[in-house]
Amino acid sequence: MTNPKHVAIILDGNGRWAESRGLPRIMGHKKGAERIREILKACIKLDIPYLTLYVFSIENWDRPTGEVKYLMDLLSYYLKEEIANIHKNNVKLKVIGNTTLLHEDIQKDIEYGTNLTKDNQKLTLNIALSYSGREEILMATKKIAQNILDQKISIDEINEAFFAKQLYTDQIPDPDLLIRTSGEQRLSNFLLWQLAYTELFFTNTLWPDFSIDDFLQAINNFKSRERRYGKTK
Ligand code: IPE
Ligand code: IPE
Ligand code: MG
């Protein structure tokens, strides 16, 4: 099989990486953020056109205030630091999730970055931030209900394609491959609609240790699979 067109990653294990070294959890986040640049580069090299990264879930807001603050500062730093590099590499930045919960400054940085890179063609870097799959599905449902109340559409027009168009990921194909690091084997509320037929790859490697070789291993594993979509061979 060919390379996946869309790779989604649940980058997990930052806290455990730090704790196992007797470091504060935030050091794991710092190290983890550095991995993103390498994986993005690898995707560009492999001609993978879509990369989606789960970096902060809605549920993560309930972590201790200090950790949330550090994560937000890190995010703010990287948005500012990396945007020029992203743009230079012809990468289009997109953020999915409930961004209204983010600090105003971060919302502005996101707006700036997405605007600056909106016409870039090489790769779409989709960052899931303050994201919840269930909330996304509810939001789509409410939009559709409103359309019906406003008599803009009829119930018969609601099909899978129409529903998918109401999601954050409109215009983005469903992920072909989902990678989750750190040994956890669950979705943690990530892309619940979009992952219906995605190939899943779990590795025990913690995100801050996840190397290009680990990434290539996941891609090769994907290429060896047979996707049947419920049909026979
Ligand atoms: C993933 O690492 C990053 C975020 C969820 C923000 P974790 O912080 O979940 O690390 P573990 O799972 O506790 O090791
Ligand atoms: C999922 O990881 C969210 C992100 C990686 C951003 P968590 O560490 O928050 O998920 P659980 O708590 O192990 O399910
Ligand atoms: Mg975790």
Side-chain angles (χ1 to χ4, degrees), residues 6-40 43 50-79 81-82 93-103 106-107 109-110 124-139 167-169 172 175 177-195 198-211 214-215 218:
H6 183 177
V7 177
I9 308 180
I10 302 176
L11 18 101
D12 198 12
N14 291 349
R16 277 164 285 167
W17 181 91
E19 281 158 8
S20 72
R21 285 163 174 75
L23 298 168
R25 290 176 54 87
I26 57 169
M27 294 311 287
H29 296 315
K30 180 163 183 278
K31 184 85 181 162
E34 291 164 13
R35 299 305 317 146
I36 293 177
R37 195 184 294 130
E38 294 297 309
I39 298 302
L40 178 63
C43 286
Y50 298 94
L51 174 66
T52 296
L53 303 176
Y54 198 13
V55 303
F56 194 82
S57 70
I58 282 265
E59 290 80 14
N60 289 150
W61 286 112
D62 291 331
R63 290 191 177 191
T65 327
E67 182 167 339
V68 171
K69 182 169 185 323
Y70 185 86
L71 281 165
M72 289 301 138
D73 288 349
L74 198 61
L75 179 68
S76 173
Y77 176 80
Y78 270 90
L79 277 170
E81 192 79 353
E82 284 298 313
L93 175 72
K94 191 173 155 68
V95 172
I96 62 171
N98 188 346
T99 50
T100 60
L101 300 176
L102 297 165
H103 193 283
I106 296 187
Q107 291 189 43
D109 289 340
I110 291 172
T124 298
L125 173 63
N126 200 23
I127 309 262
L129 203 54
S130 189
Y131 176 86
S132 151
R134 284 187 172 176
E135 189 186 72
E136 183 183 29
I137 290 170
L138 279 177
M139 175 200 73
L167 299 170
Y168 294 125
T169 47
I172 297 180
L177 170 65
L178 171 78
I179 300 170
R180 182 166 189 157
T181 57
S182 89
E184 309 300 352
Q185 303 193 359
R186 53 177 170 260
L187 298 181
S188 301
N189 208 1
F190 189 41
L191 300 177
L192 298 180
W193 171 279
Q194 297 87 338
L195 294 175
T198 301
E199 296 295 324
L200 310 179
F201 182 87
F202 299 106
T203 169
N204 287 331
T205 306
L206 303 173
W207 176 252
D209 289 327
F210 191 73
S211 66
D214 293 317
F215 184 64

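Remember, it's 1-based here, ligands and their atoms both numbered in the order they're listed. What's counted below: heavy atoms across the whole structure, side chains too, no hydrogens, waters or symmetry copies. Not measured: the values here are computed from a predicted model.
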Practice problem: List the closest protein heavy-atom neighbour of atom 8 (O) of ligand 1: residue, atom name, distance to the nearest 0.1 Å. | Solution: Arg63 NH1, 2.7 Å

Quiz item: Would you say the side chains of Ser57 and Asn60 form a donor-acceptor pair under 3.5 Å?
Solution: yes

Quiz item: How far is atom 10 (O) of ligand 1 from its nearest protein heavy atom, and which residue and atom is that?
Solution: Gly15 N, 2.9 Å

Self-check item: Contact check, His29 vs ligand 1, heavy-atom distance below 4.0 Å
Solution: yes

Practice problem: Would you please say whether a donor-acceptor pair under 3.5 Å links the side chains of Trp61 and Ser130? | Solution: yes

Quiz item: Would you say ligand 2 has an N or O under 3.5 Å from any N or O of Tyr54?
Solution: no

Self-check item: Under 3.5 Å: donor-acceptor pair, side chain of Lys94, backbone of Tyr168
Solution: yes

Quiz item: Is the Phe190 ring parallel, tilted or perpendicular to the Tyr131 ring (thresholds 30°, 60°)?
Solution: perpendicular

Self-check item: Distance-only donor-acceptor check, side chains Asn126 and Thr124, under 3.5 Å
Solution: no

Quiz prompt | atom 2 (O) of ligand 2 [closest protein heavy-atom partner, distance rounded to 0.1 Å] | solution = Arg180 NH2, 3.5 Å

Quiz item: Which protein heavy atom lies closest to atom 5 (C) of ligand 2, and at what distance to 0.1 Å?
Solution: Leu11 O, 3.5 Å

Exercise. Identify which protein N/O/S atoms are less than 2.8 Å from the Mg ion (ligand 3).
Key: Asp12 OD1

Quiz item: With atoms numbered from 1 as shown, which atoms in ligand 2 lie under 4.0 angstrom from a non-hydrogen atom of Ile10?
Solution: 5 (C)

Self-check item: Protein contact to atom 14 (O) of ligand 2 [nearest heavy atom, distance to 0.1 Å]
Solution: Ser188 OG, 2.6 Å

Quiz item: Does any N/O atom on Trp17 come nearer than 3.5 Å to any N/O atom on ligand 1?
Solution: no

Practice problem: Please indicate whether any nitrogen or oxygen in Asn60 is less than 3.5 Å from any nitrogen or oxygen in ligand 1. | Solution: no

Quiz item: Are more than 12 heavy atoms from other residues, nucleotides or ligands located less than 6.0 Å from atom CZ of Arg21?
Solution: yes

Exercise. Output all residues satisfying side-chain hydrogen bond (donor to acceptor under 3.5 Å, both in side chains) with Arg37, sequence neighbours left out; order by chain, then residue number.
Key: Glu82

Quiz prompt | Between Thr99 and Gln107: side-chain donor-acceptor atoms closer than 3.5 Å | solution = no

Quiz prompt | Arg63: partners by side-chain hydrogen bond (donor to acceptor under 3.5 Å, both in side chains), with sequence neighbours left out | solution = Glu67

Exercise. Under the side-chain contact (heavy atoms from CB on, under 4.5 Å) rule, what do Phe210 and Leu11 come out as? Steps first, then yes or no, please.
Key: CA-CA 9 Å; Phe210 191 73; Leu11 18 101; over 6 Å; no

Exercise. Would you check whether Val55 reaches within less than 4.0 Å of ligand 1, judged by its heavy atoms?
Key: yes

Quiz prompt | Nitrogen or oxygen of Ser57 less than 3.5 angstrom from that of ligand 2 | solution = no

Quiz item: Of all residues at least two apart in sequence or in a different chain, which pass the side-chain hydrogen bond (donor to acceptor under 3.5 Å, both in side chains) check with Asn189?
Solution: Glu59, Ser132

Quiz prompt | Under 3.5 Å side-chain donor-acceptor pair for Arg180 and Thr203 | solution = no

Quiz item: Among Lys31, Lys30, Arg16, which residue meets the side chain to side chain contact (heavy atoms under 4.5 Å, CB included) test with Pro208?
Solution: Lys31

Quiz item: Going by heavy atoms, is Ser182 under 4.0 Å from ligand 1?
Solution: no

Exercise. Would you indicate which of Arg16, Arg25, Glu67 comes nearest to atom 13 (O) of ligand 1 when only heavy atoms are counted?
Key: Arg25

Quiz item: Considering distance alone, does some N or O of Arg186 sit under 3.5 Å from an N or O of ligand 2?
Solution: yes

Quiz item: Taking only heavy atoms of Phe56, which atoms of ligand 2 are found under 4.0 Å from at least one of them?
Solution: 6 (C)

Quiz item: Side chain of Trp207, backbone of Gly13: donor and acceptor closer than 3.5 Å?
Solution: no

